[in-house]
Structure formats: structure tokens, C-alpha cells
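Residue numbering restarts at 1 for every chain, and letters A, B, ... go by the order of the sequence lines. Only heavy atoms go into these numbers, but all of them, side chains included; no hydrogens, no water, no symmetry mates.
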4 protein chains.
Amino acid sequence: MIPQISTIELLKLASGDTFALQVYKFIGNNPGKKVYIQANLHGAEIVGNAVIYELINSFSSLEEDTIAGEIWLVPVCNPLGTNQRGHLFSTGRFNSYDGMNWNRIFWDYEKECIDLEEFARSQINNPTELIRKNYLQKIQTAWQKQLEKIQKPSSAPWRQQYRYQLQSRCLDADYVIDIHSSSTQSIDFIYCFQERQNNAKYFLLDYGILMDKYDGDAFDEAFLKPWLALENEFSKLGKDIKFDIESWTLELGSGMTINPESVAKGVAGIKNYLASKKVWQNSAINHSYSINLLSRKNLINYYAPTGGMIQNRLGLGVKVKAGDRVYQLLSFNKQQELPNVIDICAETDGIIFDISTNQCVNQGEYVLDILNF
Amino acid sequence: MIPQISTIELLKLASGDTFALQVYKFIGNNPGKKVYIQANLHGAEIVGNAVIYELINSFSSLEEDTIAGEIWLVPVCNPLGTNQRGHLFSTGRFNSYDGMNWNRIFWDYEKECIDLEEFARSQINNPTELIRKNYLQKIQTAWQKQLEKIQKPSSAPWRQQYRYQLQSRCLDADYVIDIHSSSTQSIDFIYCFQERQNNAKYFLLDYGILMDKYDGDAFDEAFLKPWLALENEFSKLGKDIKFDIESWTLELGSGMTINPESVAKGVAGIKNYLASKKVWQNSAINHSYSINLLSRKNLINYYAPTGGMIQNRLGLGVKVKAGDRVYQLLSFNKQQELPNVIDICAETDGIIFDISTNQCVNQGEYVLDILNF
Amino acid sequence: MIPQISTIELLKLASGDTFALQVYKFIGNNPGKKVYIQANLHGAEIVGNAVIYELINSFSSLEEDTIAGEIWLVPVCNPLGTNQRGHLFSTGRFNSYDGMNWNRIFWDYEKECIDLEEFARSQINNPTELIRKNYLQKIQTAWQKQLEKIQKPSSAPWRQQYRYQLQSRCLDADYVIDIHSSSTQSIDFIYCFQERQNNAKYFLLDYGILMDKYDGDAFDEAFLKPWLALENEFSKLGKDIKFDIESWTLELGSGMTINPESVAKGVAGIKNYLASKKVWQNSAINHSYSINLLSRKNLINYYAPTGGMIQNRLGLGVKVKAGDRVYQLLSFNKQQELPNVIDICAETDGIIFDISTNQCVNQGEYVLDILNF
Amino acid sequence: MIPQISTIELLKLASGDTFALQVYKFIGNNPGKKVYIQANLHGAEIVGNAVIYELINSFSSLEEDTIAGEIWLVPVCNPLGTNQRGHLFSTGRFNSYDGMNWNRIFWDYEKECIDLEEFARSQINNPTELIRKNYLQKIQTAWQKQLEKIQKPSSAPWRQQYRYQLQSRCLDADYVIDIHSSSTQSIDFIYCFQERQNNAKYFLLDYGILMDKYDGDAFDEAFLKPWLALENEFSKLGKDIKFDIESWTLELGSGMTINPESVAKGVAGIKNYLASKKVWQNSAINHSYSINLLSRKNLINYYAPTGGMIQNRLGLGVKVKAGDRVYQLLSFNKQQELPNVIDICAETDGIIFDISTNQCVNQGEYVLDILNF
């Protein structure tokens, strides 16, 4: 099975060179769902490119009738982010031009849909598939206005021109998977919407973080929130509808790194998920993986209380009890005193879930996360 | 009149060196209001330091009984921002560590005060001064929890540690003035809250932009919004109260620049405002300056529709009609074609209000603002 | 006359996108010299792109027989530099990856030609044109080894891969013109080699700086120094040879800026130079422009003796006498003292030749240049 | 034994805050040599601070008469470098202002001492200690001119003001140790001058790289080269003199990291070296550690031949044969083609000596070093 490969011009640079998106589409013989998978939205988070490469290889060896629907794959989906450097390091978590986090820029239709209740009332007697079609139509009509703004002489800031290209590829998808990693160093896990948490287990990862609070305008949120809002509106009207529309963010290990185990887990999880959704047909499905689902509130970030050098920090995955020392700060001064070492202890039980790559910290810089449970 | 000068340790750096805040306080013999004036929150916006220097000189030549209340002056209020460089340029509009805009980080009590209606009801029969005192007490109690968070082992990210120091200096102020400039190149103007717009004229500037939409967590907003919310709550309860509490953001010219005319305007405006508030006593007051007050919606940002070099752009203050050419893009390519020049025309009438310092633009980068009126 | 336009793939980025060079070649009907003109080697120095655009337009309106030889034009010759940003600013004076100044990376054959004396002896009885041909052959043989290094598995750092592409276009040129501007803000001038200074006047600029000391591995140096070395070697052997090979660096105004007057001067100067060299035939030649030629030693850089804000600095082109105040530093402190203002005075007579764009300086940052004469 | 602690004001920042150096001096009761040890000249190379902290602890527990001479310790010797960030990472290998590598800025008296032969002749009959004293005097007289330049109104760029402070602390030292690490990830080793290689073994490290070619203006070179030049001058005059003056650069592991094993090795090596020099008296000396000393030419840098993602790279310390695959590049494109994987193979036998932290590479970015032997 050979993918269709399409290249979309993305960004004209000052030099006259251009950046592009390239989409690999595996379109099955059988009708079905549309799956959209992207990687490397944040510049340092390259692991998903290797996952997508493995998926391309896997799907390429399949027959057309093994796939129902279509699978779109977009590696290196943010060239400006991927190619950005600060010294030797990938600093493309945010745009160096305006500081905007590349995953807080997306268009969330929920925020501008002021007539949602009215729409829900008008659709209440329609079958779910028709409602889905009508709501998608409504979303796309609003989306068109974004393009009109971009095409005016005043145009729009890059983040809006960029999101237009990216979201245009997936507004009509059924399942969206955005592959990230930590900016620093982390355990593998998945971000889940509470309303879709039952399916998180299909990704075969040990940990899932429930997004009970939104970051705002993230890619996964921008895709799913409008549909959750409509479900909620129907619920208020006494009708229970659940669209078979889902959005997931995989976090596969550490930044600037392609960890082979994380790649293998990501590939296995996505395949199992596609099988569970019958997109990948006739494939065995693991229905019984046990995932730890925990609220985002359980993830406690530790920041340096003063400037210094991190020493003797516990490693990723280590279990701690409240009161255990989790790291030390070797702290210097310019007041004619000896340097000193400060112990920092865990506030709660949990495991070391994420750690900074940099052991040199100014006051208030990030040191580690403990997942409390 | 000699100011009290106090130095507050702010930030311990990895090297063991520290950054500090230094506050100059002119405390009059007569009781009165507290005015808090800071400058250089964004690293490139240095003009306000010169304004504060002039104010220090002016106040130093006054007698103690000329001032009612106290005036706190905080130049270079964000050392991490001021000292930050990207090549030769001041890039401290946002923190290079996390991309956070230094003026979108402040603690806005309105967002966490969930019992505001109840509080308003409890105070409805109190005199305004007592309500002010009680509400300030309530704010400060909540503020204390920010400190408790910072003092835990997990501490808090630098932006929260920083805002704690800065906002602790002015939570109890009556009037707050935050002196900024454009990041790029701009006309002098003032940002005004709609509810306080009548006093904008005292700053003797030609243009005022009304904040009918908030940016979120800006310094001026974080100070005033809780008080506006309480006024609004009383209004819903049928009681009209207006606290004599105000917040202003001056925008004095261009980034990385101290324009003497902008300094002179800033100094004159602040003096007149202080006179109008009777903080500076026995000083003549200009009550009749004519300011153009326009909504933020009237400020239209132009972004590059493609990459290239800006040529023949109209200058600051030039009046345009809709359809007039405002700039050209000299656009190169790598497709064996000749370079070409693209005309970009005004969408509306207005004046050129702000322009980019950089005439080299990637697609979607900022070019200019037109103030439409 | 229509240029040949060729596109050369330059750089494959991590995202799979590529940057290219695009060369515009005007090839006359008559045999003659090869002129190579490039612009924007340093990312912020965009003015030369506009000069080249004007030259393309001019040459396009000529008949083929007006040009003897060929003129190669390479605008935006360093896409990685041009597209680089630090916040809103063009920071591509050096590579953000390794800090290497883009104009100190070039291959200077003089440094590796250990048998120059032997070669000179072997050629001493040859006519100049044959010596030129033989020496160029020798250079190109050595150059080939650079390519071999790049093609090994260990390849070479980007600066060496880049210079290979750029210098391969001009090793065989007769005249090289590299169009720069100040990184900050400057008067228009030209950098001249002492041995070619007599022709500097043809560029019709008021000031020329003589490179009596080399920066090392600059583009102009790398092109011309091997030929000067050979001339010198012949001179030692008692033979006076001067190759009609020249290299010039134009400095046209300020960074991040396209100043129309600087563009006009650059275009006029290059045309007059081409006319003087008979490349542009039948065009009037101005032989008598009076240029101030001064040693690089006369250009005195002023750096901030302490940190602060620059005030009251004299403007570009202002004449000063030794002892005149050239700027002030408004200097703050964190030792409970009042801010103070420091006067900095000229060490010599001269004119203000270049000034920093940023008026906010840490100790030791650049403030201005005085050209002493 | 309590160290003398002195604080030297170093740098006044634009905000009015200052950075300082702090020197810890252990001065023994017995006369002897002066040892100068610094750490963290490059911002990311923090490991040496922990080494110095351990040394302070060790020396503090000694009696005064255990030390002959004095030991000066300067941790975090470059605050501007240590505190610099690009996103989450330490980017202070070079100054973000001008791109200058902090370890290529030092004053090398050899380069300006034009009368060295004459001086050598004048001293040829003096005893070594007197020659040392006279030459040091000569160096310090020249050094004084650096200060005079800094104190002029035009002052000097920060790198020259900075080196003045740092080199003033050690011009008169006998032994200089500069503790670095890789910018990325590396095996522990030491840089040795050929003329002093016999003493490298005392540092108890497995690898030493001989500096048969100089980088130019590095800290270790700037200290020792003038003395080597004088030795060489005497040698030409037929007199063999070797000053007991040495300079060493330790490379202890990886950037942004404090690896406890590297710290332990660094501490043990320095102690053994001090014992071998009789600075630390009555301590056992290991004279017989076997170090691999190899020329810098044996260290072969591998750069990415095209852009992509590094996969399956061999780890630090792995032995390779010429032709073995050392890494793969997963390379994407925007030409409607499938991504592909490229094998890169070793050019020589050797071990993997240093690897990039970032596995995402634009063409020409650094991938790894092989030490060939």
C-alpha cells in the first residue's frame, strides 16, 4: 500500500526560501474514519517523527483492504520550530519572535460559537451522524472567516497563518493524535480528556494525565472542545450524545532525543488504538492494558527556591515519600561566605515524573515534577 | 526633600549573584494618597527610567509639605528583562527561559474572588473608605497564600516569585502608573480603562487607547480589575460606588530608545496628573487638554503576507486613506524568477501609529499599526 | 537583456526543507571580466538586496552588447542568517548555533599555500594572464580538497559547507563586491585594500576605510589576499605585477533598514565602478570623486565604562573635538543611592561614524564609533 | 584551615545590579607555589563548581602547615555566562551579545612581546628564579596598558574588561587549572601542553589530548604560552630552561550536568597533582597512573551531511572499527518522497569520545567525535 504524498507550501521566509508541510495519506479500500497524526509541533520534541516513520513503514506493507478509512501522517509539522536553535539546543517550544508557545495558538471554535444552545435545539431530533455533519459544516463556515482575515492586506500574525494550514488538514478528522515529548526528560504517558478516558488504555502506556483543567488553545483541545461543548449542550437539553471523535496527546520520553523504547511504545500503542477503532482491520486488539489515570493536579512542579547547581537529584521513575530529599542545591554567593548545600524534600508521596535537562538554575527555574498518587 | 531609598533582594542567580529592586519614596508631610510609578517592565522599554530620573530630580527640589501622601518610584523594575540581550538588542519583552511576556504574568484577584457578591452585600451599608479598607484586607489575605506557595519546597516559577515582589509594593496604592514604550517605534499615548477615562486628559498626551478588551494579567489590569469588579458588583446591587483608585500605562515612544521629547511629555503629564490628584499640592493644573480616546479595536495590526524586505513604508504619524499604499515588500524567491515588489494598501483611514524596527520580515511578522479614526 | 537565473540547493534543514542560493547572471555579448556581487551575508544587513534589485532592473533594460563579460548577482546570499530572529530583531551577524561571525569563516588560500615562493619563481617569465590562469588553477586544485572533506562521512561544520557553495561561485571572478551595512547605524562608506585604494573613488562614497590590518577570513580578504600575496612574492623577486583583480566591501547605512539614499548611492557607485572597468560599456565615468581614505586605526570604538542608559548622544555625522561630550550614561544602582549621570567625552577629534541602535547598555557594550581625522 | 574570601566587583549591568567574582584563598603556613583553579568559564560547564566545593571542604579540614604556598579557588568565574539562558538551556559558551567564545578572549603576551629575543639575551646568565621574576615583571608592565585602555573614555569591549579581572588574579600563579566539561556529552579527559605532558598523569584521568595546535587566546594558552615562548627563545640561544609553570584544562563529563563520578575524578586528580607539586604536603602521591596521550588531530569531529534526526548512534566509550556504522540520519523531505534513513560509518578506528545532546540536526550541525587510536 503506497501513501499519497502531498506537499503544502507553508511559510515564505525573508530570504525567499519556503517551508512546507508534507502529508502522507494511507487511504484504505474500505470506507471508514479519518485519523490525523502529527509530530514535532514543539521544535525539540522529535521522537514522534520516528514513530511516524515506523508507521509509514508498517502501513506500506499492508494491503489496501486492511485499512478502513484513511490515515494522515504529518511528521515535522512545524518546520520553524524544528529548525530553530539557541546555541546547540532546540529551543522551538515557543516562537523566538514573539514568545508564543506553539501549542497554545490554535483556533478553538467553542470560544466563538455563541449560538450553540440554539444550534443544539435545532438538531435535537436529528440522528447523530447528521448532527455531526451539520456541526462540522458550521465549524467550517466559521473557519472560512479566518482565511478571509489572512487574505486581507493586514493579513495575520504567523501563528494564525500557521494554524490555518495545520487545522485545515484535520477539522474533519475523527481521531487526532499529536505526538509530543517532554521539553526536558520524562516518563512516557498520554494526555486524556475526561470524557474520552475510557479509550486511553488502548495506547498501552502506564500513565495517563486527565485534563480536568485546560491550558487553552492547545492542538488537542482546539480539535475536541467544540464537540464536547455540543455534547454538553445536548446533555443540558436532556439528550445524551457522544460523538465518536477523539483527541489524544502522546508524550514519549525526552526532548532532543529519540529513545527507541519510547518509539516502540508509541508505535505499538497507536496500532492498538487504530485496531480498536477498526481503522486497522483484522488486527488483534489489546483491550485490557492497565493504565494509571491521574488528574493534572497530581503533577506537582518543583522550581528552584534560590539559584544554584542541582546535585543528587533522584532519577526518573523513583518513588518518593513526603519528606524524602529529592534534590540538593549547591548555592554560591558573593557575600564573602562559603558556598552551601540546601536539601529540598518532597511535599507528597509520588514518583519522579519529569526532570530538567539543565542542572544549573537561576531562582525560579524548573527542577522536576512529582506525580503524586 | 530627600527620598527614602530601599533595596529589596529580588533574584538569586545560578552564579550566586543577585538582582534587586530599588524603590525611591518621597513621603510628604501631609497625609494623602499613595502613588506607585514603575518603569522598564519590558526589557527594551527604557524611556521610563529617564522619566523617573527627572521626577526624582524634581521632587528632590520640593519642600516636604508640597507633597500630600507618598510617591514611590521604581526604575529598572525588571532587571532580568533589562539586562537580557539577543545579539545587540534588548529582547526582554518576554523571558527567554519560558517565553512568558513580562506584562502578562500578574496576579489578578478578580479571577479568584468567588465570593465577591457576598462580600458586596456585606459591605453595602458601609462608607466607601471602610469598604476600600475591608476589600484591601481581603485582597491581602489572598495574597498571603501566594507567599505560602512560594515558600513551599516546590516553590514557584520565577514569574510568580517576581510578581510577588512587585505587586507587594503596590497592592495598597491609590494610583499606579506603569511606564512603557513600544517594542518597536511608536507615537506617544496612554492606555486607559473605560471606567477611568475621564482622567486620561491629565497626562497631556494626544492619544489614549481604551482597553475595552483585556490582554489578561497585565500589570495595570491586575491592579485595577478587582476594584472595577467590586464597583460593578455594587452597581448590580443598585449602589453606585467609584473608588478613587486608578491605573495607567504610559507608552512613550520607541523601544531601546530614550527620546527626549517623549521623556519631557511623560514628565509633564505625570506632574499634571499628580497635581490634579492633589498629591503635588499648589501646582497649576491643566484641566483642558484634548485627548483622542479610541477603542483598542481601532488599532489595526499589519503583518507581512509573505516574506521579504519592507520598502517605502509611510512614517509614524502619517495620515492615510483606505486604499493608500502603506508599504512595499521586496520579495525574493528560489524558483528561478525575478524578485518582485508587492504593494500593501491601507484597509481603513487612519494614521500610522507604530512601525517595526526591522524591515526584514518572514511571512506573518509585524510591519505596522494603523490607528483608524 | 534577460538574466540567466540559477538556483543552487544550499542547506537541508532538520525539517526536510531546504534553503537555496539564487544567482542572477547578466552575460554580455562581448568578452570581458567576471563581476560577482552579493548582499546580506550578515542577516540584518538587508540594504544590498535593494541595491541588487535596482541593478537587476537597470541591467534588464540594457542591450546585450552593452555588457562586456558577465555580472553575477546574489541577493539574500545567506538564508540562515537572513531568516534568523532574536525576538523582533535580525540577529544573524553570527550563527546562533556556534557564535561564528558569518564574515569570518571564509577559505583564505594564502594561509595554506606553502609553496608560493616556488610557484612565483616558476612563473616569473610568464605573461601576467598566464600567471593568473596558472595560479587560479592552483587555487582550484586546493579548493577541490575542501569538497573532498565535505563529502567524507565526517563531513564538515556548516560554515565550511556554506563557504564552499559561496566561494565556488566567485573564485574565478575578477571583481568581487560584497554589500554590507552597519549592524547598528552608520554613515555610508567602503572598505578598501591598500593595494587597490586608487580605485575606491569610483564608488562615489565620501569615506573609505583602509584595511591595513585584517580581521581574518572575511569574504573580501579571502578572495583577494592570495593574489596580493603572489604580487608581493613577485615583488620580492624583483618583478612588479598587479593583477586586475579587486575586492570591495560596501557599507550602506544601518542594519535592519533599507535607507533609500544609501540604496541610491550604492547603485550609482557600482554602476560607475563597472563603467570604469569597461564592464558596462559606453557609460559615462566619473573619475574625480573625492573620497576620504583613512586607516582602520582611525576608527575608535567607544564601549560603556559601566552599565546604564545612553542619553544625549551626538548624532551620526556630527563633528567633535577632543574633550567634547559625546554621550551620557544614566546609571542606576542597588546600593541605596540616587541614580547618576556620567559624561563621556571624545578622546580625539573626528566625526560620529556609527552608533548603537540600543541605548540600554551593560558594562562593556558598544556605544559609538568616532572616525578620527 | 579557613579560607580568605574576597569579592571583586566585576560587571555593572544596565539595571544597576552588579556581578562579582569571589575568590577562596587557602594560604598555608609554609612558603611555596601559587595554584589558581577556576570553574565554569563556559556557562554550561558547571561540574567544576562541585569540584571546587569539594576542594573547599577538603582544605578546610586541613591544618595550615599542610599547605605550602597558596591555593586560589574561583567557582562560577563567569557569571554572565553561567546565568545566560536560551529557553531552558545554558547557552553561555559564547556571549549572546557578540558571539565571542568565552574561552577565546584572553590576553596572550606572546603575541605582543616583540623583543623576546633581546630579553632572553639579557637574561641568559641569570638564575632561573630571577629570570622568572624579571619576565613576570615585564608581563605585568604590559598588562598595565590593558588597564589604561579600559580606563579611557572609550573603555573596551566587555571581553577585555572581563579578562582583565580574571587574568589579574593569576598572572603570577605557578600552576593554573581551568575546569571545563563538554558543551554536550563526553568522556573525562585533560588538555595538555606538549612541553608539560609528563605531568599529565598526576591528574589520574584515562585520556589526555595534546595541544599540538592552538585554538588561540584560550585561558590555558594565554597563561602558559609566553613562558613556553621564552623557553624556546633560550633554547635557540643554546640554553635549556624549563620554568616550573604549568597550565591545565580538565574536561569533566557533560554540559549542564554534574556527574558525581566526574566530580570524584576531578577532585582526586587535583589533589594528587597538588601532592606531586608539594603544595599539599605529606600526602601520598600516585606517580604511576597510565594516561593515553593523543594528539588533537586524533579527535575527529563528525557533522551532519544533511538535515534530519539522529538515530541508533553508538554511545560514549564504544569502540569502533573503520567502516562500522556510528549513527543513522532519519531524513525527511518536501519533495513528495518517502522519508529515508542514511547510515554514517566511521572513517577510522577509535572510540566514541563526545556526542551531541541534540539528536535533531540541520545540515552541518555537530553529531559526535571519534578519538582515533
Taking every heavy-atom pair that is under 4.5 Å apart, which of Gly99(A), Ser96(A), Gly86(A) has the most such pairs with chain C? Ser96(A)
Between Asn83(C) (side chain) and Ser15(A) (backbone), is there a donor-acceptor pair under 3.5 Å? yes
Looking at CZ of Arg85(A) and CG of Leu13(C), how far apart are the two atoms once the value is rounded to the nearest 0.5 Å? 8.5 Å
For the student: nearest non-hydrogen atoms of Val76(C) and Ala14(A), plus distance: CG1-O, 4.3 Å
Backbone of His87(C) reached by a side-chain donor or acceptor of Asp98(A) within 3.5 Å: no
Taking every heavy-atom pair that is under 4.5 Å apart, which of Leu88(C), Asn95(C), Thr82(C) has the most such pairs with chain A? Leu88(C)
N/O donor-acceptor pair under 3.5 Å between Asp17(C) side chain and Ala20(A) backbone: yes
Heavy-atom count check: over 12 atoms from other residues, nucleotides or ligands less than 6.0 Å from Ile2(A) CD1? no
Take Phe19(A) and Phe19(C), measure what ring-ring contact (aromatic ring centres under 6.0 Å, His included) needs, and give me the verdict at the end. CA-CA 9 Å; Phe19(A) 285 161; Phe19(C) 285 160; 5.8 Å; yes
Side chain, backbone, both or neither: which part of Thr18(C) has a non-hydrogen atom closer than 4.5 Å to chain A? backbone
